[in-house]
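What follows is a set of notes on a single structure, which appears directly below.
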Protein chains: 2
Amino acid sequence: MAITIKDVAKLANVSPSTVSRVISQSPRISDATKKLVYSAMDELKYKPNAIARNLANASTKTLGLIIPNQDENLFKNPFFIQAMRGISIYAQKKNYKIMFNYGASPEDELSFVHEFVNSKWVDGIILLTAYENDLCIEYLSEEAFPFVVVGRPYNIHDIMWVDNDNFQATYNLVNSLIQKGCQDIAFVGGPQKYIFSKDRLEGYKRALELRNLTVNKDLIIEAKDFTEEDGYQSMAKICAIKVPHAVVTTDDLLGFGVLKYLREHELNVKVTGFNNIPLSEYQNPALTSVDIKAEDLGYNAAKLLIKALEGVENTVNHYIVGTELVERESTL
Amino acid sequence: MAITIKDVAKLANVSPSTVSRVISQSPRISDATKKLVYSAMDELKYKPNAIARNLANASTKTLGLIIPNQDENLFKNPFFIQAMRGISIYAQKKNYKIMFNYGASPEDELSFVHEFVNSKWVDGIILLTAYENDLCIEYLSEEAFPFVVVGRPYNIHDIMWVDNDNFQATYNLVNSLIQKGCQDIAFVGGPQKYIFSKDRLEGYKRALELRNLTVNKDLIIEAKDFTEEDGYQSMAKICAIKVPHAVVTTDDLLGFGVLKYLREHELNVKVTGFNNIPLSEYQNPALTSVDIKAEDLGYNAAKLLIKALEGVENTVNHYIVGTELVERESTL
DNA sequence: CTGAAAGCGCTTACAG
DNA sequence: CTGAAAGCGCTTACAG
């Protein structure tokens, strides 16, 4: 039988209420009784039962995390583990726990969200991806259940989110290519169901426009998926039209495919990736990329959510994490 | 106010006890009342409060996971995310949840284990690394708290664990090198505080001995850490003695360092890594490596633990996951 | 097959 | 500053 608050109360000669107040650090308890209670707790090695507290408090101090399945990318791209680390670090500071589920499909993800909400297991939820018509976001909004999204959602009305400034990152990137003398700059982007795909494309276009360079639709490809193969094929399409001075891709794996094509055809074209995954450094040539600071994203997502849960008045409901351009051989 | 079992009972004109029995699928409830209760639950959109169930059942159907910090390796090596996926997949099948904490240091890890155990948050714990004198293992054993270790622990008495056969994997690897004509085979291993380091070294030695090849201590290096730099330095030391025909390393990052040294000195030596991280494929030359099937390790760890929790009589308390040798340019 | 009652281990409004 | 009592939302041995 486990030691309960009653055992402590008995030993300390006080009521269970008093013990409870000592645990929860209620201010109106005399120092004398506090000491009594503490020493009784020590003697019995008493540890509060978290589940009972949760029930009485109607709160679990736990965050729910949904990890989407992204196949290949899940392993090659340390985004999720880094984000989780950031989340975990902030949560630990505030004494929050984290519960996660790995969703094999968007339907899976939705059903886990349902479960998290219905079962009262968690106080708030962190979504690690935002889709175009995101059912999880829709459901959570309807239920008015606290949540935060890593990645700016489509309809940001009253939704908390954390993201990079994808528009700006790409804008700056293209600018720097222009400054290096590139004129024909191609773009290999990902599926437009992700809002960051759109943002990055916009940044690219705007940078060209402001320098009065024409935006050539033939040099813009929307890849089906973020794979090396897609990057390779995209580059083949582009080169069938025209060999550009540079290619901006919105994912490192796409960039790898582009590099592969260029190596095989012995073409000299500057290439950039996105996400700065460890593999980038090992490409031939090493791939210039944009570090999106995944750990910071996670950290700030947890921060935003926990502050909201604790009732801290948020002046803002979102947070922008800066990116860092890591230049390597592929653009030097 | 949330809908409770009482509301359902009232609407269905039965007692709360009956509703509870329907939820927990007790066999001795008439089909008639079952229907009544189910339709009442539907009408009210009743969802059981998991926390209350946990308290009454003294069980949370939750597993606790400790993710050790391994710096660099945490991001370059997808081991943890793969293992987590495997754990999550099995847990979901059995309706278990997973709670995790990322430990910044071994002390951190221990304090999280304490917390998991004391707070009654979890029914069992999965440790993702085993150290030589593992305080977590020691504590959990003393408390007789259910747990499983990924990686064979030192003292396996009564401990559940899941691992590859590191001895055999290295043994086979070295054998295949010998068959390719290699005689002088060097070994770059990791810190001996990890048991797999010892196992892999043993496998190497045994393979040589059985072929009557001498085990040359000068060709065996124990690196301080699993980094590229360590691999590079180790190779320098070895080559100062003698340039071998092949080098077996116990971690891909070490292998990368060895390759780097060989490239710089234009030496033709066969090299193997371990873990088969995505980067291996992209080395120059692509690195031969051993796939340790991290997802399977996680899956079987969860399986072992959950079976034990559910009181299924385990005939074995451990499970060996097969490895796969992935041959690439570096040994061809 | 079903219900009334006690219990899981906490918290907290109320009273003093 | 402290205690008795009711409550959080379930489960289950006991009785019928």
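Computed from a predicted model, the values in this text were never measured in an experiment. Order of the sequence lines sets the chain letters (A, B, ...), proteins ahead of strands, with each chain counted from 1.
Here, D/dC14 and D/dC10 have their P atoms 24 Å apart, quoted to the whole Å. Spacing of C1' atoms, D/dG16 relative to D/dT12, comes out at 16 Å, to the nearest Å.
Here B/T4 lies in heavy-atom contact (under 4.0 Å) with sugar-phosphate atoms only. Among the atoms of the strands shown, only primed sugar atoms or phosphate atoms (P, OP1, OP2) are found under 4.0 Å from some heavy atom of A/T33. At a threshold of 4.0 angstrom between heavy atoms, the contacts of B/T18 are confined to the sugar-phosphate backbone, with no base atom among them.
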Kindly give the atom pairs (protein nitrogen or oxygen, nucleotide nitrogen or oxygen) under 3.5 Å for nucleotides 13-16 of chain D.
{"unit_1": "D/dA13", "atom_1": "N6", "unit_2": "B/R21", "atom_2": "NH2", "d": "2.6"}

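D/dG9 atom P lies 16 Å from atom CH2 of A/W121, rounded to whole Å. As a whole-Å value, the separation of A/K120 NZ from D/dC10 P is 9 Å. Spacing between atom NZ of A/K10 and atom P of D/dG3 amounts to 14 Å, rounded to whole angstrom units. For the pair B/K6 NZ and C/dA5 P, the interatomic distance rounds to 13 Å; values are reported in whole Å. A/I51 has its CD1 atom 16 Å from the P atom of D/dG9, to the nearest Å.
Qualifying salt bridge (charged side-chain N to carboxylate O under 4.0 Å, His left out) partners for A/K293, counting only residues two or more places apart in sequence or in other chains: A/E324.
Side chains of B/N54 and B/T60: no donor on one and acceptor on the other come within 3.5 Å. Side-chain N/O atoms of B/Q92 and B/S88 include a donor and acceptor closer than 3.5 Å.
Comparing C/dG9, C/dG3, D/dT12 by their closest approach to the side chain of B/S20 singles out D/dT12. The side chain of A/L55 lies closest to D/dG9 when the candidates are C/dA4, C/dT11, D/dG9. Closest approach to the A/I5 side chain among D/dG9, C/dG3, C/dT11 is made by C/dT11 (side chain taken as heavy atoms from C-beta onward).
Consecutive pairing runs in DNA chain D reach the stem threshold at C:1-3 with D:14-16, C:5-12 with D:5-12, C:14-16 with D:1-3, where a stem means at least three Watson-Crick or G-U wobble pairs with distances under 3.5 Å.
Between B/N54 and D/dT11 there is no side-chain polar atom (N or O) within less than 4.0 angstrom of OP1 or OP2.
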